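Any value given below was found using the heavy atoms of this structure, including those in side chains, with hydrogens, waters and symmetry copies removed. Note on naming: letters A, B, ... go to the chains in the order of the sequence lines (proteins, then strands), and numbering restarts at 1 for each one. Computed from a predicted model, the values in this text were never measured in an experiment.
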Amino acid sequence: MAYWLFKSEPDTFSIDDLKSRGAKGETWDGVRNYQARNMLRDEVKKGDLVFFYHSNCEVPGIVGIAEVIKEAFPDPSQFNPESNYFDPKATPDNPRWFCPQVKFHAKFKSTVSLEQLKQTPALADMALVRKGNRLSILPVSDAQWTFIMGMVK
DNA sequence: GCCAACGTTGGC
DNA sequence: GCCAACGTTGGC
């Protein structure tokens, strides 16, 4: 089993939105970056746990945990001309974008903020705190996961 | 709203 | 294949 961090803008889709989806969870669609796509398609497995990260908000940081309940399948939004995520070059025979299904697992009582993460020497190698890393899907090592869980109040 | 740090597109 | 122009992300 592996660990991940998924970013989401809380104004668009927050941890509370995921919680309200219950056991059926949410399709993690709209990822349109090849590096992130490759991780979703090739490495994210059912049962993996995911730090849910709120970006572009007052206090950016990890707010809870999601669980992968279905491995990546072709992202339906790429075929939908009405969708913001429509990709005219993608076809059902040759899909370009993939998405997993995730469900709510836990919400932290308080956010583990980006600021805290940056100030933690043990996490200096974490992809999230590296300069310029804008990927919305990031790997988290076992050691990083354990360490961050220890920071949760 | 600004802007650094990317990623993508397309002309050549 | 290069690279300028453009678009996006996301912290601040």
Got a list of protein N/O to nucleotides 5-8 of chain C N/O distances below 3.5 Å?
| from | atom 1 | to | atom 2 | distance (Å) |
| --- | --- | --- | --- | --- |
| C:dT8 | O2 | A:R134 | NH1 | 2.4 |

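Sorted by first and then second residue, the pairs that involve residues 93-136 of chain A and meet ring pair (Phe, Tyr, Trp, His ring centres under 6.0 Å), not counting sequence neighbours, are A:Y34-A:W97. Residue pairs meeting the salt bridge (Lys or Arg N to Asp or Glu O under 4.0 Å) criterion with at least one partner in residues 42-59 of chain A, sequence neighbours excluded, do not occur; the list is empty.
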If you apply the rule side-chain hydrogen bond (donor to acceptor under 3.5 Å, both in side chains), what do you find for A:R32 with A:S77, and how did you get there? CA-CA 11 Å; A:R32 293 293 181 272; A:S77 66; 3.1 Å; yes
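The aromatic rings of A:W28 and A:F13 sit perpendicular, their planes meeting at an angle over 60°, well past the 30° parallel limit.
The side chain of A:K131 contributes no N or O atom lying less than 4.0 Å from OP1 or OP2 of C:dG10.
A:F73 forms part of no hydrophobic cluster, judged by ILVMFWY side-chain heavy-atom separations under 4.5 Å.
Across the interface with DNA chain B, nearest-nucleotide mapping of A:K89 and A:Q35 shows A:Q35 to be the residue nearer the 5′ end. Mapping A:R96 and A:G132 onto DNA chain B by nearest heavy atom places A:G132 at the nucleotide closer to the 5' end.
The stretch residues 7-14 of chain A has no heavy atom under 4.0 angstrom from DNA chain B at all.
The interatomic distance linking A:R130 (CZ) with C:dG10 (C1') rounds to 18 Å, in whole Å. For the pair A:L138 CG and C:dT9 P, the interatomic distance rounds to 14 Å; values are reported in whole Å. Taking atom CG of residue A:L114 and atom P of nucleotide C:dG10, one finds them 11 Å apart after rounding to whole Å. Rounded to a whole Å, the CZ atom of A:R32 is 17 Å from the C1' atom of B:dT9. Following rounding to the nearest Å, A:L128 (CG) and C:dT9 (P) show an atom-to-atom distance of 16 Å.
Linking Ile, Leu, Val, Met, Phe, Trp and Tyr residues whenever their side-chain heavy atoms come within less than 4.5 Å places A:I15 and A:L114 in a single cluster.
Here the side chains of A:V31 and A:S136 are in contact, with some heavy-atom distance below 4.5 Å.
With sequence neighbours excluded, the residues satisfying ring-ring contact (aromatic ring centres under 6.0 Å, His included) with A:F51 are A:W145.
Ion pairing between A:D16 and A:K107 holds under the 4.0 Å rule for side-chain N and carboxylate O.
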